[in-house]
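See structure below.
Protein chains get the first letters and strands the later ones, always in sequence-line order, with residue 1 at the start of each.
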2 protein chains.
Amino acid sequence: MFSTASNPKVAIAAMAAMKPQLATMDELFSTSPRETLEMGEGLFWEGDRAQHIFEITEGVLRIFKIIADGRRVITGFLYAGDMVGLSLKNVYLYSAEAVTPVKVRRLTRKAFQDAIENSPELRPQLFSLMCDEMAAAQDQMVLLSRKSAEERLCSFLMMLGQRQSGQTQMPKTIQLAMSRQDMADYLGLTIETVSRTVTKLIQRGIITPNGRHAFDLTKPGKLLALCGDGDSYEDVGDPAVKTRQAVWPH
Amino acid sequence: MFSTASNPKVAIAAMAAMKPQLATMDELFSTSPRETLEMGEGLFWEGDRAQHIFEITEGVLRIFKIIADGRRVITGFLYAGDMVGLSLKNVYLYSAEAVTPVKVRRLTRKAFQDAIENSPELRPQLFSLMCDEMAAAQDQMVLLSRKSAEERLCSFLMMLGQRQSGQTQMPKTIQLAMSRQDMADYLGLTIETVSRTVTKLIQRGIITPNGRHAFDLTKPGKLLALCGDGDSYEDVGDPAVKTRQAVWPH
DNA sequence: TTATGATGTTACAAACTGTTACACGATTTC
DNA sequence: GAAATCGTGTAACAGTTTGTAACATCATAA
């Protein structure tokens, strides 16, 4: 199946790749028109036929599932530059709604797959994206599995801060695009517990409310310490100690 | 960057791919020797330099992270045929230990990446694998975020059943390779809660103990009903209703 | 067989989070 | 501009899950 220029399929692919010379994911979507979503509007629903991949150009999107009794679980928030809809299944595995007004561009799954398959530049980028997504999912599992309400809140604020600062140091102010209910459904808490915990953090002077949907980081160091993921590596030492079990002081 | 046979890199890659004609992930590892892990032995640790990708040939592996206070979160169990160590980072993002005696085969990351990059057969398979992993991670987030202890247990047993039956219908008996503590750390519960919940399911006649590490499915229908993920799609209807919000009866 | 340690089970009190109810302010609607 | 609605904050109470401890069971070795 793999061949050289004598295979017309490869030759065509090569030519296709030469024309726009796609080097970034963003360029892939550059020919698509921008579409607008109002606040609260849905982009697609769990179970819909998955025909497109989307790139977010502006705004914040929430990804969620609904289970029995109407319980909602938000599995992620997506910001400008992120992509949604990646999957091999024929239906979307989750729903997507606009948290704020949102602008997206879309590509058919086929166009996307062809572009990836024909671009040795794009493939590692896609792989990298998926790995990052997987790492984020695992961190979220840790949060939901073993962290207290306070640790969840602090972790969430730290994540938002890092995302807004773009990998540099923490910003002074953290913007919350989403409602308390969205936060609760993302953190596996109720809205009341979110409220209580936020109040406690404010009373302890760790954050200061700045309008209804933003916080100033008064003590960013404290916030980091309260995330609960310190010292992960502390006792992971000599790999030569083969039969060591994880220490579990229960 | 994309070219035809005039590019020696591609030509070499083509030749390399022609020799073994790699069509499945399994074949990729077929030249590597099998390595053995004893029960409880570690394969790698979170923070180690990530130099290899592993394929599990036999046995069960647990993937986990440790956070502050020694709290452990098992993010997954891996069985024969699964791969571990996929990531773009230079260090492993989690630890891997043998739950049962395990056999693995390894490939350097570079060898793996080259093989993927040079095989249009393997790429979709890898993509598919990663998508499945992502879907499983999201299901796990739902479980950890909003399911009760009983729902978690039932979901876990169903998952094990499906894995053991190989996508066909539920088997009569479900084998538990792991300890109660492992189950607890995977389901976000304590070992006591796991015990109590298992006892309840037995008393209600839904499962029947079959030795210490296996259950017979007396009422598989009941078990499925208790998973808590029914009716996810029930009100996901007309995509034309654009501004519909998810119903959230709180 | 008996001893020993690891693993699993059960009971009870305690803690955290969820539930319910109501108050407040901002925005929208009429 | 008043009323209704929505999102949010606060409080008392209830409930599930946890933590602690004791006990039971199993596997292995003496």
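- The CG atom of A/L189 sits 15 Å away from the P atom of D/dT17 (whole-angstrom rounding).
- With sequence neighbours excluded, the residues forming a salt bridge (Lys or Arg N to Asp or Glu O under 4.0 Å) with B/R204 are B/E150, listed by chain and number.
- Contacts of B/K89 classified as salt bridge (Lys or Arg N to Asp or Glu O under 4.0 Å), with partners at least two apart in sequence or in another chain: A/D132.
- Taking the salt bridge (Lys or Arg N to Asp or Glu O under 4.0 Å) definition, one finds that A/E133 meets it with nothing, sequence neighbours left out.
- Under 4.0 angstrom from either OP1 or OP2 of D/dT18 there lies at least one side-chain N or O belonging to B/T190.
- Applying the ring-ring contact (aromatic ring centres under 6.0 Å, His included) rule to A/F156 yields the partners A/Y186; only residues at least two apart in sequence or on another chain are considered.
- In this entry the distance linking CZ of B/R71 with P of D/dT18 reads 13 Å, nearest Å.
- Without hydrogens or angle criteria, B/R152 side chain to B/L187 main chain gives a donor-acceptor distance under 3.5 Å.
- Residues passing the side chain to side chain donor-acceptor pair (under 3.5 Å) test with A/T193, sequence neighbours excluded: A/T190, A/R196.
- Atom P of nucleotide C/dC16 and atom NZ of A/K147 are separated by 18 Å, given to the nearest angstrom.
- One interatomic measurement links the two molecules: CE of B/M39 to P of D/dA27, which rounds to 12 Å at whole-angstrom precision.
- When the local axes at the two ends of the helix from C/dT1-D/dA30 to C/dC30-D/dG1 are compared, using 5 base pairs at each end, they differ in direction by 30° after rounding to 10°.
- If you take CG of B/L143 and P of D/dT17, they are 12 Å apart, rounded to a whole angstrom.
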Footprint string (nucleotides 7-12 of chain D, 5' to 3'): B base within contact, S backbone only, - free, heavy atoms under 4.0 Å: BSBB-B
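- A/L217 has its side chain within reach of A/I207: a pair of non-hydrogen atoms, C-beta onward, lies under 4.5 Å apart.
- The distance from atom CD1 of B/I202 to atom P of C/dT9 is 7 Å, rounded to the nearest whole Å.
- Counting non-hydrogen atoms under 4.0 angstrom, B/G188 reaches the backbone sugars and phosphates but no base.
- D/dT17 atom C1' lies 15 Å from atom CG of B/D185, rounded to whole Å.
- Protein atom CZ of A/R146 is 14 Å distant from nucleotide atom P of D/dT17, rounded to whole Å.
- Sorted by first then second residue, the salt bridge (charged side-chain N to carboxylate O under 4.0 Å, His left out) pairs that include residues 218-227 of chain B, not counting sequence neighbours, number zero.
- Annotation: salt bridge (Lys or Arg N to Asp or Glu O under 4.0 Å) contacts of A/D182 (sequence neighbours excluded): A/R62, A/R72.
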